[in-house]
Structure formats: structure tokens, C-alpha cells
Amino acid sequence: MENPLSAPLIFFASIFTNNILLANFLGMCSFLAISREIPSAVGLGLAVTFVMTCTTALNYLVYHYLLVPFQLVHFRFIAFIVVIAAFVQLVEMVIDRYSPRLYVVLGVFLPLITVNCAILGVCLFMVIRQYNFVQSVAYGFGGGLGWLLAIVALAGIREKLKKAPIPKALEGPGISLIVAGLMALSFMAFSGMISMG
């Protein structure tokens, strides 16, 4: 049975009320590591958005036109990871070719998009919630934009905090985790507005 939510509603909800990062806590590693400066946060956020949107669409096709007809749905984790890994390699080559500075800034975290659990999580939620193709693409694109919004917001706050008088014990990861927790609380306040299915 198909999910009754409209694609625009799923798109909106995946950005604000059911943010994959701040409501489901998926993709936290790179969120905390690359949010020191806004330019690198924007670069990684755009890369994650692009990969998440495209791999959600590709994995929808793989699941419904390959795995389901041949009764191989128990291989969905492996199939989804292979699609994501191959697509990330393509994105890595494109960024290396056209933006070497961003490639250096992202460093090891660019290949780690492959294991960004937010991307795999969106693909699995797409199957669990029984979205159709348009709903899946809207969910993937909205999930990516929600991830981008969260990492850019954290990067902006961390840049402001560099000039703030923070107790020595909270400098670095301590204050970053506190800020991320407060951001998650603010996003969680809207989590019950739209049920994603």
C-alpha cells in the first residue's frame, strides 16, 4: 500500500520536522567534524544533498525493478551500499577535477560520504514507508537539504563561538556537542507536526 502523504509535504517535513540529522541522529560524524567553517560545511552539505537525492532515486529503481521481482530484498543493504559507494566515487572524481580546494578541505570525509548513515537511512526509510518514486526523490532531496541546513547552521554558530568567552573545559568538542544537542531539541519540537508514515 502506497504512502498517502504528498511529495511536497514529505519534502517539507524531511527538512524541518523530521530532519534526518537532528531528529533521527544519522550522519553525526561528518556533521561534527566538518562544521568548523561555513565554506567547507556548504561544500560537504551540497555533496551530501546531491548524493542523497541521486542515490535515493537509483536505489528506488534497484529495489523495485531488480530486488523485488527476483525476490532478493534481503540483499537490499548490500545493494544500496554498492550504489551509494559507486556514486560517491563519481562525485569525488568530479570535485577533484573542478574544485581542488574543496577536495583538499573535505579530505578523508569525502570518501566517507559512502558510509554516511544518513544516506543509507533515507534509502531504507523510503522502503519502510512505502514511498513511490516521486515521494522518494522528494524525501531524498529534502533530507539532503535538511542535512545541509543543519551543518551550515552549526558551522555559523561555531564561527561565532570562536570569539566568545567559553570556559576552557568546554572548548572544542564539548561546546560543539552542546550546540548540536540544543539544535536537535529545537528541531525535535516540531517532530510531531507531520507523521512520515
Over 12 foreign heavy atoms within 6.0 Å of CZ, Phe25: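 Yes, enclosed.
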Can you tell me if NZ on Lys162 sees more than 12 non-hydrogen neighbours from other groups inside 6.0 Å? yes
Are the side chains of [X] and [Y] in touch, meaning some heavy atoms are under 4.5 Å apart?
{"X": "Tyr139", "Y": "Ile20", "value": "yes"}
{"X": "Ile81", "Y": "Leu120", "value": "yes"}
{"X": "Ile84", "Y": "Leu58", "value": "no"}
{"X": "Leu148", "Y": "Leu145", "value": "yes"}
{"X": "Asp96", "Y": "Met93", "value": "no"}
{"X": "Met28", "Y": "Leu21", "value": "yes"}

Students often mix this up, so state it plainly: with edges at 30° and 60°, are the rings of Phe50 and Phe87 parallel, tilted or perpendicular? tilted
Evaluate the ring planes of Phe133 and Tyr60, with Trp represented by its six-membered ring, and classify them as parallel (under 30°), tilted (30 to 60°) or perpendicular (over 60°). perpendicular
Are Arg129 and Phe125 in a cation-pi contact, defined as NZ or CZ under 6.0 Å from the six-membered ring centre and within 45° of the axis?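 That pair qualifies as a cation-pi contact.
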Show the nearest heavy-atom pair for residues Asn59 and Ala79, with the distance to one decimal. OD1-O, 4.1 Å
For the residue pair Ala138 and Phe11, what are the closest heavy atoms and their distance?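 Looks like O-CD1, 3.6 Å.
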Could you measure the distance from the CG atom of Leu124 to the CD1 atom of Ile119? Nearest 0.5 Å is fine.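 With rounding to 0.5 Å, CG (Leu124) is 12.0 Å from CD1 (Ile119).
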Rounding to 0.5 Å, atoms CG (Leu67) and CZ (Arg76) come to a distance of 9.0 Å
So if I apply the side-chain contact (heavy atoms from CB on, under 4.5 Å) rule between Val51 and each of Leu46, Val91, Thr56, which one comes out positive?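 Result: among Leu46, Val91, Thr56, Val91 is the only option passing the side-chain contact (heavy atoms from CB on, under 4.5 Å) with Val51.
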